[in-house]
Amino acid sequence: MLPRRLTFVAAVTAALLLASATDAARSKSLASRFLDPHNAARRAVGLRPLKWDVRLAAYARRYAAARSRDCALVHSHGPYGENLFRGSGGTGWRPAAVVGAWVRERALYDPASNSCRGGGRGACGHYTQIVWRRTTAVGCALVPCGGGRGTFGVCSYNPPGNYVGMRPY
C-alpha cells in the first residue's frame with residue numbers, strides 16, 4: 001500500500017494531466033467546429049481544406065474581445081482577411097451556425113459574372129472569403145456581446161482574399 005502523501009501527489013498529478021488534456025481537447029474541438037463547415041464549403045467547389053492557425057485564432061480572440069462591448073460590425077483593418085458576425089437572441093450561437101450564415105451567401109454569388117446578386121461584394125463577401133483559393137489558414141473566436149445582447153464572431157484568414165476583380169476559385 002502506498003503512503004498517503006504519495007497517493008495524494010499521484011492524484012493531484014493525474015487531475016492536472018486530465019485538466020490539461022481537457023483544455024487541449026476543448027481547443028481542438030472549437031477549431032474543428034469552425035473548420036468543418038469552412039472545409040465543407042471549400043470541398044463543394046473543389047478546393048483544398050483550410051488549416052486551423054493558433055496565431056490567427058489569437059488575433060481573432062483579441063479583436064472579438066475588443067468589440068465585445070458594442071459588437072459593432074467594424075473590421076479590424078489588420079493584415080488578415082476577416083469575416084464578422086453578430087447574432088442576436090442571447091449567447092447561444094455556435095461555430096457551425098455562424099459559418100453556416102456566411103456559407104448561405106453562396107446563393108448570392110454568381111461565378112459566371114464573378115459578382116454578387118443583390119448588389120455589391122458585401123452581399124456574398126463572407127462566402128467568397130471562405131472559398132478564396134489562395135487562403136490556406138483560418139482562426140476564429142466567439143464572444144458574448146455586452147449585456148447579454150447576443151454573440152460576436154470573428155474569423156481571420158491568411159492569406160487574405162476578396163480582391164475586387166479577382167475570382168475566389
Side-chain angles (χ1 to χ4, degrees), residues 18-45 47 49-109 115-132 134-164 168:
L18 181 60
S20 177
T22 301
D23 287 346
R26 190 177 302 125
S27 176
K28 184 174 182 180
S29 174
L30 178 68
S32 66
R33 288 182 299 170
F34 274 110
L35 271 176
D36 291 348
H38 272 89
N39 288 333
R42 292 176 66 84
R43 199 170 30 257
V45 294
L47 296 177
L50 297 176
K51 294 187 186 318
W52 186 258
D53 185 310
V54 295
R55 187 182 78 244
L56 294 172
Y59 182 88
R61 265 193 315 278
R62 284 190 304 273
Y63 189 65
R67 290 258 61 112
S68 66
R69 189 170 197 186
D70 64 5
C71 290
L73 295 173
V74 176
H75 285 282
S76 69
H77 302 290
Y80 307 116
E82 190 169 75
N83 278 346
L84 302 178
F85 173 86
R86 184 179 59 217
S88 60
T91 58
W93 289 91
R94 302 286 181 247
V98 170
V99 178
W102 296 329
V103 170
R104 281 191 296 281
E105 293 177 7
R106 180 181 186 178
L108 301 173
Y109 178 65
S115 64
C116 299
R117 296 177 189 96
R121 179 61 97 190
C124 65
H126 298 106
Y127 169 72
T128 56
Q129 176 60 78
I130 288 170
V131 296
W132 198 261
R134 291 190 176 124
T135 296
T136 59
V138 65
C140 305
L142 289 176
V143 297
C145 294
R149 297 170 302 160
T151 299
F152 185 77
V154 180
C155 283
S156 299
Y157 301 86
N158 196 41
N162 276 345
Y163 296 110
V164 175

For residues [X] and [Y], report the shortest heavy-atom separation together with the two atoms involved.
{"X": "V143", "Y": "S68", "answer": "CG2-CB, 3.8 Å"}
{"X": "A72", "Y": "F152", "answer": "O-CE1, 3.5 Å"}
{"X": "P168", "Y": "Y109", "answer": "CD-OH, 3.1 Å"}
{"X": "D53", "Y": "A137", "answer": "CB-CB, 3.9 Å"}
{"X": "P160", "Y": "P79", "answer": "CG-O, 3.9 Å"}
{"X": "V103", "Y": "A41", "answer": "CG2-CB, 3.9 Å"}

Compare all side-chain heavy atoms of [X] with those of [Y] and state whether any distance is below 4.5 angstrom.
{"X": "Y63", "Y": "V74", "value": "yes"}
{"X": "R67", "Y": "V154", "value": "no"}
{"X": "V45", "Y": "R106", "value": "yes"}
{"X": "F34", "Y": "V138", "value": "no"}
{"X": "K51", "Y": "T136", "value": "no"}

Roughly how far, to the nearest 0.5 Å, is the [atom2] atom of [Y] from the [atom1] atom of [X]?
{"X": "L50", "Y": "D36", "atom1": "CG", "atom2": "CG", "result": "11.5 Å"}
{"X": "R86", "Y": "R149", "atom1": "CZ", "atom2": "CZ", "result": "8.5 Å"}
{"X": "E105", "Y": "N83", "atom1": "CD", "atom2": "CG", "result": "7.5 Å"}
{"X": "R33", "Y": "C140", "atom1": "CZ", "atom2": "SG", "result": "11.5 Å"}
{"X": "N162", "Y": "E82", "atom1": "CG", "atom2": "CD", "result": "11.5 Å"}
{"X": "L30", "Y": "L142", "atom1": "CG", "atom2": "CG", "result": "7.0 Å"}

_The criterion is ring-ring contact (aromatic ring centres under 6.0 Å, His included); which residues satisfy it with Y59, sequence neighbours excluded?_
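ring-ring contact (aromatic ring centres under 6.0 Å, His included) list for Y59, sorted by chain: Y80.
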Where the side chain of [X] meets the backbone of [Y], is there a donor-acceptor pair that is under 3.5 Å apart?
{"X": "W102", "Y": "G125", "result": "no"}
{"X": "R117", "Y": "A107", "result": "yes"}
{"X": "T135", "Y": "P159", "result": "yes"}

*Look at the aromatic rings of Y157 and H38 and report parallel, tilted or perpendicular, splitting at 30° and 60°.*
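Ring orientation of Y157 relative to H38: tilted.
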